[in-house]
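Quick notes on the structure that follows.
Just follow the structure's listing: the first ligand is 1, and inside any ligand the first atom is 1. Because only heavy atoms are used, hydrogens play no part in the values below, and waters and symmetry mates are left out as well, while side chains stay in. Along the sequence shown, residues carry numbers from 1.
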Amino acid sequence: MDFDVIVIGSGPGGYIAAIRCAQLGMKTAIIEKYSALGGTCLNVGCIPSKALLDSSEHYYNAAHSFAQHGIAIKDMQLDFGQMIKRKEEVVGQMTKGVEFLMNKNKITTYIGFGSFVDKNTVKVKSNDGQEQQISAKNIIIATGSKPSSFPSMPIDKKRVISSTEALKLPEVPKHLIVIGAGVIGAELGSVYARLGAKVSFVEFAASMIPTMDSTMGKELQKSMRKLGADFYFSHKVTSVENKGDSVVVRAENNKGGLLELEGDYCLVSVGRRPYTDGLELEKAGLKTDERGRIAVNDHLQTEVSNIYAIGDVIRGAMLAHKAEEEGVFVAETIAGQHPHINYLLIPGVVYTWPEVAAVGYTEEELKTNGTPYKAGTFPFKALGRARASMDTDGLVKVLAHAETDEILGVHMIGARVADMIAEAVVAMEFRAAAEDVGIMSHAHPTYTEAFKEACLAATGNRALNI
Ligand code: FAD
Ligand code: NAI
């Protein structure tokens, strides 16, 4: 065998798996079909979207709230080209960083398309058509996902776009129609709403971010409305038509009412599908399930015991940090260790402003499971820190077991909650009671006081500042 481990795909799942394998003394190779390493997350996902979210937020604040802070700007202009250029620079720094990490850990990198020859052998076809075969005792599939769509909304990458094109548009749309008000829709919709686009959401479900706790969707919608966004919930899209300079979206609501919207771009953000195209799984004795995912057991092992799969290509949340945890998990499993992942405690974050962050059970799940619970909430507007920064939108909701007081779920919307949710993860990992957090000192004035106060609210209505 040429290697102990071959990793196919260099996203956050694959490159982290490769590093951990190398750290554990395994001779490791990684295969990536694109010349830039880092996968969806670094190239067309987490990092570029956050770069544009940050830039557009600066622009929006400069235009709308600096004056209240006593900062007057004359003749402010948007240089959208520079915004996109800065985003590309950030991506370039990050992908070069992964290259550096591969070299530092003595991981052999193959740029080319990987496909199975048999259960131990992978063929790598480079862009210039050259082919070579490499073999390993273990193979980790980390080939990620691609945007999905429906026949009624074919993505043409010009007027009807996926998140990938939305990250590099040649102009700010005048009217962006977003199909799907989930995570991508909310994030990229807010980028363009902040830059002055009219944004209309057409969503199948009855609210934004429908898989999160329902309070979060309602609160997020309120803040998106302040950006001028329109919402068409409970609508099924029937057709999307590129008319050259514009795009027409037609939909029907659940009462039979018809909707027709005309915009200059339509972002299709209705979810992503696992990506296994061209992998020739069958040559290794593998197949995908009905949803295109690679089936794995609790050890993330496929039905062929030396082949593992991680990240977006398997079941579970399509999140970079979930893929990373699984990368480490598989490396340590191959090394004979007994790692553990607590999937309940993988947080979910939406990087709008205010941000949304959650961990554990939603209130709807607790009701469905019949778990006795109590809820404590605390609004950002009662926080000194939020008043000082004028970030008063949002709240923290803590769900605790009615009898034991153990924290079962934490749902936050507000300034910097993407960072604050880590405290909730730690508390829940150590199985803290709401009162435990409520009696711990939190620096004043900080946004984190909202979590402490919500925990006190859940502990017998003991919040102090409301
Ligand atoms: P990927 O990152 O998709 O990487 C797979 C890699 O495998 C790719 O580079 C691909 O080219 C390569 N590959 C595939 N097939 C082959 C082959 N046969 N041979 C060689 N190479 C191959 N998640 C978060 O946690 N936080 C966020 O803020 C966030 N923001 C996002 C924003 C957007 C716009 C999008 C689209 C996604 C976002 N995500 C975010 C999701 C996150 O990007 C994914 O969950 C994550 O990238 C999955 O990692 P992965 O390693 O499984 O796969
Ligand atoms: P999503 O699953 O978050 O949202 C898709 C939305 O589209 C849902 O609200 C769904 O009800 C709606 N929908 C589905 N079919 C529809 C139809 N026919 N018509 C109208 N609406 C329809 O998926 P999204 O936003 O595409 O993101 C894909 C993945 O990428 C997510 O799973 C997410 O985990 C990941 N991601 C994570 C981010 C983060 O962690 N901050 C940011 C962006 C993406």
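- For atom 29 (C) of ligand 2, the nearest non-hydrogen atom of the protein is R272 CD, 3.8 Å.
- Between the side chains of Y447 and S389, at least one donor N or O lies within less than 3.5 Å of an accepting N or O.
- Among all protein heavy atoms, the one lying closest to atom 15 (N) of ligand 2 is F150 CE1, 3.5 Å.
- Residue contacts with ligand 2 do not include K236, since none of its heavy atoms lies under 4.0 Å from the ligand.
- One N or O on the side chain of H411 and one on the backbone of Y361 form a donor-acceptor pair closer than 3.5 Å.
- Heavy atoms of G271 approach ligand 2 to within less than 4.0 angstrom.
- Of the possible polar contacts, one joining the E165 side chain to the S162 backbone as a donor-acceptor pair under 3.5 Å is found.
- For atom 1 (P) of ligand 2, the choice among S162, G348, G182 with the nearest heavy atom turns out to be G182.
- Contacts with ligand 2 closer than 4.0 Å are made by no heavy atom of M208, backbone or side chain.
- Distance check, rounded to the nearest 0.5 Å: CE of M208 to NZ of K222 gives 13.5 Å.
- Atom 42 (C) of ligand 2 has V183 CG1, 3.3 Å as its closest protein atom, hydrogens excluded (heavy atom only).
- By the 4.0 Å N-to-carboxylate-O rule, K236 lies too far from E252 to be salt-bridged with it.
- On a distance-only criterion, Y351 and ligand 2 share no N/O pair closer than 3.5 Å.
- Near ligand 1, residues I8, G9, S10, G11, P12, G13, G14, I31, E32, K33, Y34, G39, T40, C41, V44, G45, C46, S49, K50, G112, F113, G114, A142, T143, G144, S145, S163, I184, R272, Y275, L279, G311, D312, M318, L319, A320, H321, A323, Y351 come within 4.0 angstrom through at least one heavy atom.
- Counting non-hydrogen atoms of neighbouring residues, nucleotides and ligands closer than 6.0 angstrom, the NZ atom of K33 exceeds 12 such neighbours.
- Ranked by closest heavy atom to atom 12 (C) of ligand 2, the top entry among H321, E203, R273, H235 is E203.
- If you check which protein heavy atom lies closest to atom 33 (C) of ligand 2, you get M318 O, 3.7 Å.
- Contact annotation for I179 and ligand 2: only side-chain heavy atoms (C-beta onward) come within less than 4.0 Å of the ligand.
- Looking from atom 7 (O) of ligand 2 to the surrounding protein, the closest heavy atom is G180 CA, 3.3 Å.
- Residue pairs satisfying the salt bridge (charged side-chain N to carboxylate O under 4.0 Å, His left out) criterion with at least one member in residues 134-158, sequence neighbours excluded, are listed as follows: D4-K137.
- Salt bridge K198/D230: present, at least one basic N to carboxylate O contact under 4.0 Å.
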Any chance you could lay out the salt bridge (charged side-chain N to carboxylate O under 4.0 Å, His left out) test for K96 and E99, step after step, and finish with the verdict? CA-CA 5 Å; K96 283 269 168 294; E99 224 175 282; 3.8 Å; yes
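- No side-chain donor-acceptor contact under 3.5 Å links T109 and E32.
- At a heavy-atom distance under 4.0 Å, only backbone atoms of V349 (N, CA, C or O) approach ligand 2.
- For E88, there are no side chain to side chain donor-acceptor pair (under 3.5 Å) partners, not counting sequence neighbours.
- For a threshold of 3.5 Å applied to N or O pairs, the pair formed by F204 and ligand 2 contains at least one separation below that value.
- Y265 pairs by the side chain to side chain donor-acceptor pair (under 3.5 Å) definition with E171, not counting sequence neighbours.
- With distances taken over non-hydrogen atoms, the option nearest atom 27 (O) of ligand 2 out of L267, I184, T352 is I184.
- Nearest protein neighbour of atom 13 (N) of ligand 2, counting heavy atoms only, is V270 CG1, 3.9 Å.
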